[in-house]
Asks: 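Okay, handing you the structure first.
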Amino acid sequence: MKGIMLAALSRLKTPGLSSSDRFLRCFLAKEVLRVELSFFGVSLSPVRRPTVVGVRNVSTSTTLCDKSRGNPKKKEMSEKKLTRHFVDHRRVKLVAGSGGNGASSFHSEPRKEWGGPDGGNGGDGGSIIIKADRFVKSLAQVVPVYKGEDGQSGGSKNCYGRNGSPKYICVPLGTVVKEQGKMVVDLATHGQEYLAVFGGAGGKGNRFFLSNENRAPMTATPGTPGQERVLQLELRTMAHAGLVGFPNAGKSSLLRAISNAKPAVAAYPFTTLNPHVGIVKYRDHEQVAVADIPGIIRGAHLNRGLGISFLRHIERCRFLLFVLDLSAPEPWTHLQHLRYELDQYEPGLSQRPQAIIANKMDLPEALEKLEILKSHVTQRIIPVSALTGQNTEELILHLRELYDGYLQRDGSGESKPTRW
Ligand SMILES: Nc1nc2c(ncn2[C@@H]2O[C@H](COP(=O)(O)OP(=O)(O)OP(=O)(O)O)[C@@H](O)[C@H]2O)c(=O)[nH]1
Ligand SMILES: [Mg+2]
């Protein structure tokens, strides 16, 4: 093979070659080199190594991969900035557009002086619609007052005014619309719309009033004003599980360890000021959303600490994960306080399906306290260390059990929170 190619090459070495001959020469030279190199076991083309894929029942790798892949230059947004961007309630005044006025005019052209009434109707005012959009994450962009577009007035020559186009207010999934404290609608699915205020009807032009009795009506009616309403928008985070615990218990660290979320972690209380949602991904592509709620302290229902305003984010969680700090002097009392605060907010809230997570098991005093904690509670306790990642797989598997149980209870799972 190599001999044949060398012979062809030597024939093409003659001077005065055409461009096609030169191209053939280059190609043959490259092929000869490839044959020679392959003889010595070297390849010109890049070697594709077979990829080795580890087999795991749970895919916790997302977090690890994300960490290593993350752009080192890109800074994470500080918690303070996030707070500024995250708004979970708003009061809005909505005023729909007014209808345009009807016109009063008479047709007139050469040799047709009494052409009759030709005033057109006014256009309808634009309505205001509140729409759930899964790409919107907070109510920060919602302004206090919205005014719908007015309809145009009618014109002569039977011209109708243009209708005001509807105005959309995009809100995150899980936004509850309230009026005077009463719930009006719960926007829980992507694309769901609520027509909040109707635009005013356009007025009638004098052509409308033409009849056999009145051949030259002068009457034209004005457009009606648009509807006006004051509504409260409240965002309730939609997640399957909620992490509930005292400040510094390690909720954010735990969410970082099991999901793709990156909430801020620091050694001082109330580091987390907004709820964060992380997604735990499983190998069968099932996803469980876990929400990290700001820390709750004793007396939170009396507005101590950050108060219990954030508990509305737990309302939608199907199951709760109580996170206890085993380095605290008496972690079991924390559990009682947490349950009490939850029940103060909504009776029975603490009775949802739940698991108790004993965090900071890497610390020396934790083992002893775990035994005492076991004697105080009957529920399953999962000892973990969010810092070292110890036993987080058991937590992830138990989370899946809770999730499967919820799907069975709620039938087809039609009402399950949307994938993030
Ligand atoms: N030793 C040890 N420290 C931990 C563990 N988990 C969290 N911590 C530390 O505990 C401190 C608080 O952790 P966070 O995750 O911010 O706690 P948090 O519950 O989110 O606190 P708030 O946001 O204030 O409610 C940080 O200094 C963490 O490094 C753990 O498993 N072991
Ligand atoms: Mg936190």
Side-chain angles (χ1 to χ4, degrees), residues 60 63-64 67 76-86 88 237 239 241-278 280 289-301 303-314 317 320-331 333-335 337-339 341-342 345 354-370 373 381-396 398-399:
T60 51
T63 340
L64 307 172
K67 271 181 190 167
E76 272 183 34
M77 200 184 266
S78 73
E79 193 74 21
K80 205 174 168 187
K81 273 189 185 166
L82 274 173
T83 312
R84 219 179 300 147
H85 289 283
F86 185 86
D88 64 353
T237 307
L243 293 168
V244 187
F246 266 55
N248 261 348
K251 301 176 293 298
S252 306
S253 310
L254 206 57
L255 191 68
R256 270 178 171 260
I258 63 170
S259 78
N260 56 354
K262 300 275 175 288
V265 169
Y268 53 84
F270 302 114
T271 313
T272 306
L273 299 171
N274 314 309
H276 292 261
V277 178
V280 183
V290 182
D292 172 20
I293 314 286
I296 298 164
I297 57 168
R298 197 176 163 193
H301 71 279
N303 217 18
R304 283 186 62 199
L306 292 178
I308 49 171
S309 60
F310 287 107
L311 286 184
R312 71 164 157 265
H313 296 279
I314 301 180
C317 296
L320 305 175
L321 303 174
F322 286 105
V323 185
L324 301 180
D325 176 359
L326 283 216
S327 68
E330 289 183 345
T333 54
H334 285 187
L335 188 62
H337 294 321
L338 288 172
R339 288 204 173 124
E341 295 301 330
L342 255 59
Y345 178 74
Q354 56 190 257
I356 297 161
I357 298 157
N359 191 27
K360 308 201 184 179
M361 284 308 294
D362 54 303
L363 296 175
E365 68 272 22
L367 260 178
E368 192 187 316
K369 283 185 189 154
L370 181 65
L373 179 65
I381 299 172
I382 305 171
V384 296
S385 167
L387 199 69
T388 61
Q390 175 195 331
N391 210 26
T392 44
E393 297 238 328
E394 186 189 339
L395 169 62
I396 292 170
H398 185 61
L399 199 62

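Both counts, for ligands and for their atoms, begin at 1 and track the order of listing.
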Asks: Got a second to check how far K251's NZ is from D325's CG, nearest 0.5 Å?
Replies: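 Those atoms lie 9.5 Å apart.
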
Asks: Which residue supplies the protein heavy atom nearest to atom 21 (O) of ligand 1, what is that atom called, and how far is it?
Replies: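 In this structure, atom 21 (O) of ligand 1 has N248 N, 3.0 Å as its nearest protein heavy atom.
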
Asks: Taking non-hydrogen atoms only, is L254 closer than 4.0 angstrom to ligand 1 via side chain, backbone, both or neither?
Replies: neither

Asks: Which residue holds the protein heavy atom closest to atom 17 (O) of ligand 1, what is that atom called, and what is the gap in Å?
Replies: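 Ranked first by proximity to atom 17 (O) of ligand 1 is G250 N, 3.2 Å.
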
Asks: Check this for me - ligand 1, F270, N or O atoms closer than 3.5 angstrom, yes or no?
Replies: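 For ligand 1, there is an N or O atom that lies under 3.5 Å from one belonging to F270.
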
Asks: Would you say S253 has an N, O or S atom lying under 2.8 Å from the Mg ion (ligand 2)?
Replies: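 False for S253.
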
Asks: Measuring from F270:CZ to I297:CD1, what's the distance to the nearest 0.5 Å?
Replies: 4.5 Å

Asks: How does V265 reach ligand 1, by side chain, by backbone, by both or by neither, if only non-hydrogen atoms under 4.0 Å count?
Replies: both

Asks: Given side-chain contact (heavy atoms from CB on, under 4.5 Å), test N391 with I382 step by step and report yes or no.
Replies: CA-CA 8 Å; N391 210 26; I382 305 171; 4.1 Å; yes

Asks: Any idea which heavy atoms bring S253 and V265 closest together, and the distance?
Replies: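 Shortest heavy-atom separation between S253 and V265 comes out as OG-CG1, 3.4 Å.
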
Asks: Between G278 and A261, what is the shortest heavy-atom contact and its length?
Replies: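 G278 and A261 have their closest heavy atoms at CA-CB, 3.5 Å.
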
Asks: Would you name the heavy atoms of T392 and S385 that are closest together and state the gap between them?
Replies: CG2-O, 4.4 Å

Asks: Please determine whether any non-hydrogen atom of G245 lies less than 4.0 Å from an atom of ligand 1.
Replies: no

Asks: So for atom CZ, which belongs to R298, do other residues, nucleotides or ligands contribute more than 12 heavy atoms lying within a distance under 6.0 Å?
Replies: no

Asks: Which ligand 1 atoms does D362 reach within 4.0 Å, using its non-hydrogen atoms?
Replies: 1 (N), 2 (C), 30 (C), 31 (O), 32 (N)

Asks: Run the numbers for me: atoms of ligand 1, each under 4.0 Å from some heavy atom of T271, listed by number.
Replies: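 Near T271, meaning under 4.0 Å from one of its heavy atoms, ligand 1 has 22 (P), 23 (O), 24 (O).
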
Asks: Under 4.0 Å from ligand 1, counting heavy atoms only, is it the side chain of S253, its backbone, both or neither?
Replies: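 Both backbone and side chain.
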
Asks: Against M361, only a single residue in L326, L387, V384 fulfils side chain to side chain contact (heavy atoms under 4.5 Å, CB included); can you say which?
Replies: L326

Asks: Quick test: of every protein heavy atom, which one is nearest to atom 6 (N) of ligand 1, and how far off is it to 0.1 Å?
Replies: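 Of the protein heavy atoms, N359 ND2, 3.3 Å lies nearest.
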
Asks: N/O to N/O below 3.5 Å, does that happen between P269 and ligand 1?
Replies: no

Asks: Evaluate L387 for polar contact with ligand 1, using N/O atom pairs at a separation under 3.5 Å.
Replies: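 Yes; the residue has a nitrogen or oxygen that sits under 3.5 Å from a nitrogen or oxygen of the ligand.
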
Asks: So, 2.8 Å as the limit: is an N/O/S atom of S252 located closer than that to the Mg ion (ligand 2)?
Replies: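 Of the N, O and S atoms in S252, at least one lies under 2.8 Å from the Mg ion (ligand 2), which means yes.
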
Asks: Within this structure, what is the CG-CD1 distance for the pair L321 and I356, rounded to the nearest 0.5 Å?
Replies: 10.5 Å

Asks: Which of the numbered atoms in ligand 1 are under 4.0 angstrom from any heavy atom belonging to Y268?
Replies: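 Listed by number with element: 24 (O).
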
Asks: Checking the N or O distance criterion of under 3.5 Å, is ligand 1 in contact with V384?
Replies: no

Asks: Can you confirm, on distance only, whether ligand 1 has an N/O atom lying under 3.5 Å from any N/O atom belonging to A386?
Replies: yes

Asks: Assess the residue pair K369 and K360 against the criterion (side-chain contact (heavy atoms from CB on, under 4.5 Å)); give the C-alpha distance rounded to whole Å, side-chain angles, the decisive distance to 0.1 Å, and a yes or no.
Replies: CA-CA 11 Å; K369 283 185 189 154; K360 308 201 184 179; over 6 Å; no

Asks: Report, in ascending order of atom number, the atoms of ligand 1 lying under 4.0 Å from any heavy atom of G295.
Replies: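 Result: 25 (O).
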
Asks: Show the nearest heavy-atom pair for residues N248 and P269, with the distance to one decimal.
Replies: ND2-N, 3.7 Å

Asks: Under 4.0 Å, heavy atoms only, figure out whether ligand 1 is touched by the backbone of A266, its side chain, both or neither.
Replies: backbone

Asks: Could you grab the distance from atom CG of N359 to atom CZ of F322, nearest 0.5 Å is fine?
Replies: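 Separation between the atoms: 15.5 Å.
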
Asks: Can you give me the closest heavy-atom contact between S252 and A264, atom names plus distance?
Replies: CB-O, 3.5 Å

Asks: Does the pair L255 and H276 meet the rule for a side-chain contact (heavy atoms from CB on, under 4.5 Å), with working shown?
Replies: CA-CA 9 Å; L255 191 68; H276 292 261; 4.2 Å; yes

Asks: Among protein heavy atoms, which lies nearest atom 23 (O) of ligand 1, and at what distance?
Replies: T272 OG1, 2.7 Å

Asks: In the protein, which heavy atom is nearest to atom 8 (N) of ligand 1, and how far is it?
Replies: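 Of the protein heavy atoms, K360 CE, 3.7 Å lies nearest.
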
Asks: To the nearest 0.1 Å, how far is atom 25 (O) of ligand 1 from its closest protein heavy atom, and which atom is that?
Replies: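 Of every protein heavy atom, K251 NZ, 2.9 Å lies nearest to atom 25 (O) of ligand 1.
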
Asks: Starting from atom 20 (O) of ligand 1, what is the nearest protein heavy atom, named by residue and atom, and what distance separates them?
Replies: S252 OG, 2.7 Å

Asks: Any idea which part of D292 is under 4.0 Å from ligand 1, heavy-atom wise: side chain, backbone, both or neither?
Replies: neither

